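For reference, the structure is listed below as structure tokens.
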2 protein chains.
Amino acid sequence: MEEPERKVGARVRLVDVARAAGVSKTTVSDALNGAGRLPDATREHVRQVARRLGYRPNATARRLRAGRSRLLGLAAREFVEHPWFYTELAYFARLTAATTRAGMTHGYGVVLLPTTGPDDYWTDLPLDGVFVVDPVEGDPLVGDFLAAGVAVVSDRRAVAGTPWPWVDFDYGAALRGVLDHLAAAGARRIAAVGAPTTACYHRDSVQAYLDWSAERGRVPLLAQLGGPGFEPTLAAVERLLSDPEPPDALVVLVEVSPSLLLDRIRKLGRSVPGDLLLVCATEDPTAPFTDPPVSTLSFLPVETADIAVGMLVDLIEGRGVAGGRLLQARFDIRTSSAPRSVPGG
Amino acid sequence: MEEPERKVGARVRLVDVARAAGVSKTTVSDALNGAGRLPDATREHVRQVARRLGYRPNATARRLRAGRSRLLGLAAREFVEHPWFYTELAYFARLTAATTRAGMTHGYGVVLLPTTGPDDYWTDLPLDGVFVVDPVEGDPLVGDFLAAGVAVVSDRRAVAGTPWPWVDFDYGAALRGVLDHLAAAGARRIAAVGAPTTACYHRDSVQAYLDWSAERGRVPLLAQLGGPGFEPTLAAVERLLSDPEPPDALVVLVEVSPSLLLDRIRKLGRSVPGDLLLVCATEDPTAPFTDPPVSTLSFLPVETADIAVGMLVDLIEGRGVAGGRLLQARFDIRTSSAPRSVPGG
DNA sequence: ATGAAAGCGCTAACAT
DNA sequence: ATGTTAGCGCTTTCAT
């Protein structure tokens with residue numbers, strides 16, 4: 001009956017609780033946050049009043065006060081020129097989910113940044129840090145964030161010696177491992193599908209493929225994609241397989257559904273691994289369940305996200321972060337790249 | 001040379017710009033936001049000083065002042081008990097990306113909410129609204145948000161007559177359309193894979209399947225899944241196909257990769273559509289490109305996201321929102337469910 | 001045409 | 001043991 005009149009719909013504020021409980025704002029704050037040195041009775045009383053009034057602290061106000069937004073951004077920069085849904089690629093889907101989870105364990109919310117949009121959209125978001133995936137060379141987005149005092153961690157060293165922390169892989173070494181495996185399994189002519197994107201993953205992998213081929217006097221058979229999406233990938237595979245000197249092994253460096261790919265290869269009259277050994281760089285969880293199971297090269301999105309978020313949080317909260325972390329890709333060998341013939345002796 | 005000393009690393013504030021430009025905070029604010037009635041000279045001068053100092057407005061402070069966080073949450077509530085990566089299902093991947101995009105066009109950031117986590121994690125986020133996907137019956141999350149004054153829109157009417165706005169489909173009608181199509185194509189025994197989840201999509205679809213079967217005196221052949229993931233789905237399909245009275249048509253109501261599914265069906269010695277007509281409720285973009293192309297039932301995640309975000313924004317910004325929006329599912333008929341025999345004359 | 005001052009809702013020094 | 005007060009950085013009346 002004694003409730004002070006308030007506009008309906010208006011949120012209950014800390015001061016309302018204080019008034020209703022007959023104490024000061026400090027006491028309410030302390031009681032609710034477990035701070036200060038209040039007698040249990042007071043604490044409990046305040047809590048009850050707060051609950052009764054349906055009090056919810058204003059998160060924005062707390063964050064302004066704390067000087068931190070406890071919000072992280074996630075940006076994918078590959079194919080920035082195309083508007084596309086990066087969550088649709090298995091790698092990004094996992095990375096997105098893992099980043100969200102990792103953020104949560106540190107008490108941070110994760111905001112998804114669209115690939116494309118007005119410039120001021122980024123800078124108007126209250127972010128403490130950003131995880132930039134596949135930054136392009138001299139990425140303006142990264143520059144903007146750094147200039148705005150927002151912590152940045154990227155998953156690739158956009159350029160050698162980036163001044164911000166990173167998590168990365170030795171793509172060249174990973175690809176050489178795959179190529180060596182295929183050669184050992186009897187492959188004479190290994191084709192590859194890559195993409196000439198700004199991401200150094202592709203640049204490094206393709207270079208490793210070319211180098212590896214040259215060192216062995218093999219003529220490379222390479223298809224380079226122009227944009228995101230699985231259709232260009234399938235088209236590229238068709239082109240490669242109909243080469244006058246057709247390949248007997250294939251490495252697909254862009255994300256593609258393994259079963260869809262097998263489907264298409266079958267349609268072209270080749271069998272895996274009989275006519276064609278196959279390795280895909282993909283996070284698609286179905287790879288072990290296709291017929292035949294497909295060998296995959298994984299760049300560990302979950303681990304990457306965990307480390308990147310850890311670094312961001314350390315940076316934001318003032319704990320220093322050493323330069324970068326180099327991880328090792330995981331190569332899962334399955335039937336699709338099983339030795340064609342068991343060498344006698 | 002005259003720069004007032006500031007701690008290195010400390011952000012430049014509005015007041016710093018004001019001092020450097022020799023004007024008041026108001027003038028700076030107006031100049032930068034295109035407000036007020038300043039002479040162009042002043043405006044330009046302030047802008048230059050701001051640029052020179054690298055001034056970035058503090059987004060949190062602006063939002064506190066504005067009384068809005070301009071932040072939206074996205075929560076998926078199916079299988080809340082399992083910790084899983086919902087972005088990995090094609091439907092959610094699209095919905096996530098589309099929600100992010102729609103948020104951006106309205107000037108809102110979108111925060112991804114994990115399926116599982118400490119309760120206070122949600123409420124501590126500064127959200128103006130949440131898009132709750134597949135809320136469970138009497139969902140505590142929804143209750144929490146409503147109690148906290150956060151706007152809620154859900155994609156399903158969790159219960160008939162939810163008090164908050166929604167976007168939804170007539171699942172029963174959609175499924176009946178599919179079943180009629182299959183029957184017309186010559187199917188005698190139609191099997192279905194569903195999931196006994198809290199989502200009314202499943203409840204309604206499965207019910208429609210049972211009703212439709214009963215009305216025609218057909219014995220239903222139904223598999224119900226216990227959790228998320230494609231493995232249970234494939235196992236269920238295997239079980240259905242090895243029924244003593246095997247089906248000649250299959251409707252898969254849970255998200256699964258069409259090519260993986262075809263793969264498995266082929267392994268079991270059936271051909272599509274020869275031995276088995278197939279329809280999948282999936283957003284997997286590869287469906288038109290499998291061999292054979294797979295008929296799909298789509299629940300339009302992009303349109304759903306656009307509408308849901310539009311409603312949320314209207315709600316937040318004080319424009320009223322009428323109850324709900326009922327959309328029509330899209331049924332794309334492809335070779336996998338092509339008529340088995342052309343009825344003569 | 002420009003500035004002073006109040007206040008968004010909260011927390012934390014610093015009284016008492 | 002509890003309250004007073006000063007801000008976090010911004011926008012916005014309202015004066016001048």
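In this text, all values refer to a predicted model and were calculated from it rather than measured experimentally. Chain naming here is simple, since letters A, B, ... match the order of the sequence lines and numbering starts at 1 in each.
Rounded to an integer number of Å, the gap from CZ of B:R13 to P of D:dC8 is 6 Å. The CG atom of A:D124 sits 15 Å away from the C1' atom of D:dG9 (whole-angstrom rounding). The interatomic distance linking A:H45 (NE2) with D:dT2 (C1') rounds to 14 Å, in whole Å. Look at CG on B:L32: it is 16 Å from C1' on D:dT12, rounded to the nearest Å. With rounding to whole Å, A:L14 atom CG is found 16 Å from D:dA6 atom C1'. Distance CZ (B:R68) to C1' (C:dG9): 16 Å, rounded to an integer number of Å. For B:L64 and D:dG7, the CG to P distance is 17 Å, given to the nearest whole Å. Across the protein-nucleic acid pair, A:N33 atom CG and C:dA12 atom C1' stand 11 Å apart, rounded to whole Å.
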Grab the N/O contacts between the protein and nucleotides 3-5 of chain D below 3.5 Å, and write none if there aren't any.
{"from": "D:dG3", "atom 1": "OP2", "to": "A:S24", "atom 2": "N", "distance (Å)": "2.7"}
{"from": "D:dG3", "atom 1": "OP2", "to": "A:S24", "atom 2": "OG", "distance (Å)": "3.3"}
{"from": "D:dG3", "atom 1": "OP2", "to": "A:T27", "atom 2": "OG1", "distance (Å)": "3.0"}
{"from": "D:dT4", "atom 1": "O4", "to": "A:T26", "atom 2": "OG1", "distance (Å)": "2.5"}

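Neither side chain, B:D155 nor B:T304, offers a donor N or O lying under 3.5 Å from an acceptor on the other. Checking A:T26 against A:S29 by side-chain atom types alone, no donor-acceptor pair falls below 3.5 Å.
Picking from D:dT2, C:dG9, D:dC10 the nucleotide with the shortest atom distance to the side chain of B:N58 gives D:dC10. Of the candidates D:dT2, C:dG9, D:dG9, C:dG9 carries the atom nearest the A:A61 side chain, counting heavy atoms from C-beta on.
Counting only distance, with no hydrogens or angles, the side chain of B:R70 and the backbone of B:H106 share a donor-acceptor pair below 3.5 Å. Judged by distance alone, with hydrogens and angles left aside, the side-chain atoms of A:Y55 form no donor-acceptor pair with the main-chain N or O of A:V49 at under 3.5 Å.
The shortest side-chain heavy-atom distance between B:V133 and B:R77 does not fall under the 4.5 Å cut-off.
For D:dC10, neither phosphate oxygen OP1 nor OP2 lies less than 4.0 angstrom from any side-chain nitrogen or oxygen of B:T60.
Residues passing the salt bridge (Lys or Arg N to Asp or Glu O under 4.0 Å) test with A:D314, sequence neighbours excluded: A:R319.
Sequence order on DNA chain C of the closest nucleotides to B:L38 and B:A66 puts B:L38 first from the 5' end.
Applying the salt bridge (charged side-chain N to carboxylate O under 4.0 Å, His left out) definition to pairs two or more places apart or across chains, those involving residues 106-125 of chain B are A:R62-B:D124.
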